[in-house]
*Asks:* 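Would you mind keeping the following structure in view while I ask a few things?
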Amino acid sequence: MSGLSRDDVIRMAREVADKDKVDPLHNDMVTLTVDELGRLLTAEREKVAQWMMQRGYATGHGDTIEDLLAELDWQIAENWNRAMINGMKTEREACAKVCEEWGPFNKIASDCAEAIRARGNDAT
């Protein structure tokens with residue numbers, strides 16, 4: 001997610017600002033009170049939180065946008081790790097089954113299947 005441009009900040013400020021506080025002498029620049037700025041930041045944080053929840057991510061204790069993004073980063077990494085481990089387990093079991101297809105009375109194939117499964121138990 002990229003940072004906000006100057007124009008983005010001005011647009012968002014105009015959306016939440018009291019229209020009576022627009023100063024025509026300063027190129028139509030908006031003057032925000034602390035409360036208005038707080039509402040702006042809260043609204044933007046809520047947008048990020050809603051995006052995360054719509055996609056199945058938890059928001060944790062994200063009080064700021066930075067907190068939410070850190071939580072999202074952690075969850076994406078955790079999901080990636082879990083997917084990799086599951087993929088390795090699935091592939092390892094498929095390889096062991098190929099060995100077993102050589103026949104239940106083939107000691108070498110049986111030993112290979114056992115070794116493949118044991119390796120998975122050591123690695124995960």
Side-chain angles (χ1 to χ4, degrees):
M1 185 180 292
S2 64
L4 296 173
S5 71
R6 179 181 182 277
D7 291 337
D8 291 333
V9 172
I10 291 171
R11 177 189 49 75
M12 291 185 313
R14 285 185 174 138
E15 288 173 4
V16 299
D18 182 343
K19 303 304 181 220
D20 294 333
K21 294 183 181 172
V22 175
D23 185 355
L25 297 176
H26 290 93
N27 296 324
D28 212 23
M29 189 60 189
V30 177
T31 304
L32 291 176
T33 66
V34 171
D35 289 341
E36 289 167 335
L37 182 57
R39 284 196 307 273
L40 172 67
L41 295 174
T42 298
E44 290 305 304
R45 183 221 165 271
E46 188 60 26
K47 287 179 190 177
V48 174
Q50 288 299 318
W51 183 94
M52 288 173 65
M53 289 185 292
Q54 288 169 355
R55 286 156 180 80
Y57 294 104
T59 57
H61 299 286
D63 294 329
T64 66
I65 291 174
E66 290 79 12
D67 292 342
L68 289 173
L69 294 176
E71 177 69 22
L72 180 61
D73 185 53
W74 178 85
Q75 289 179 60
I76 289 171
E78 188 65 23
N79 288 344
W80 175 259
N81 289 338
R82 203 173 302 130
M84 289 296 295
I85 289 169
N86 288 338
M88 288 177 357
K89 287 180 180 179
T90 300
E91 183 64 19
R92 194 174 290 122
E93 183 58 26
C95 291
K97 287 184 182 205
V98 167
C99 292
E100 289 176 338
E101 288 174 4
W102 285 89
F105 302 107
N106 185 327
K107 176 79 169 122
I108 294 173
S110 178
D111 289 348
C112 284
E114 187 177 316
I116 290 168
R117 288 187 179 109
R119 182 175 178 173
N121 292 334
D122 291 343
T124 56

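None of these values were measured; they are calculated from a predicted model. Computation of the quantities below employed the complete heavy-atom set of this structure, encompassing side-chain atoms and omitting hydrogens, waters and symmetry-equivalent molecules.
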*Asks:* Given M53 and T59, is the side chain to side chain contact (heavy atoms under 4.5 Å, CB included) satisfied, shown in steps?
*Replies:* CA-CA 7 Å; M53 289 185 292; T59 57; 3.8 Å; yes
*Asks:* Stepwise, does the side chain to side chain contact (heavy atoms under 4.5 Å, CB included) test hold for I85 with K89?
*Replies:* CA-CA 6 Å; I85 289 169; K89 287 180 180 179; 3.8 Å; yes
*Asks:* What closest approach, in Å, do A96 and A113 show between heavy atoms, and which atom pair accounts for it?
*Replies:*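 For A96 versus A113, the nearest heavy atoms are O-CB, 3.5 Å.
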*Asks:* Using a strict 4.0 Å threshold on nitrogen-to-oxygen distance, state whether K97 and E101 make a salt bridge.
*Replies:*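 Between E101 and K97 there is no salt bridge, as every charged N stays at least 4.0 Å from the carboxylate O atoms.
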*Asks:* Indicate whether the side chain of E46 and that of Q50 have a donor and an acceptor atom separated by less than 3.5 Å.
*Replies:*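 Note: E46 and Q50 side chains meet the donor-acceptor criterion.
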*Asks:* Are I65 and W51 connected in a single hydrophobic cluster, I mean Ile/Leu/Val/Met/Phe/Trp/Tyr linked by side-chain heavy atoms less than 4.5 Å apart?
*Replies:*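 In one cluster with W51: I65, yes.
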*Asks:* Out of curiosity, R55 CZ to I76 CD1, how far, rounded to the nearest 0.5 Å?
*Replies:*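 Between R55 CZ and I76 CD1, I get 11.0 Å after rounding to 0.5 Å.
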*Asks:* Step by step, work out the salt bridge (charged side-chain N to carboxylate O under 4.0 Å, His left out) result for K47 and E44.
*Replies:* CA-CA 5 Å; K47 287 179 190 177; E44 290 305 304; 2.9 Å; yes
*Asks:* Let's go through Y57 and L68 carefully: what are the C-alpha distance in whole Å and the side-chain angles of both, what is the deciding distance for side chain to side chain contact (heavy atoms under 4.5 Å, CB included) to 0.1 Å, and is it a yes or a no?
*Replies:* CA-CA 10 Å; Y57 294 104; L68 289 173; over 6 Å; no
*Asks:* What about M88 and V98, same hydrophobic cluster or not, with Ile/Leu/Val/Met/Phe/Trp/Tyr joined at side-chain heavy-atom distances under 4.5 Å?
*Replies:*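 The answer is no; the residues belong to distinct hydrophobic clusters.
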*Asks:* What verdict does the side chain to side chain contact (heavy atoms under 4.5 Å, CB included) test give for R117 and E93, after you've listed the backbone C-alpha separation in whole Å, the side-chain angles of each residue and the deciding distance to 0.1 Å?
*Replies:* CA-CA 7 Å; R117 288 187 179 109; E93 183 58 26; 2.7 Å; yes
*Asks:* Distance from R82 atom CZ to N86 atom CG, nearest 0.5 Å?
*Replies:*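 Rounded to the nearest 0.5 Å, the CZ-CG separation comes to 8.0 Å.
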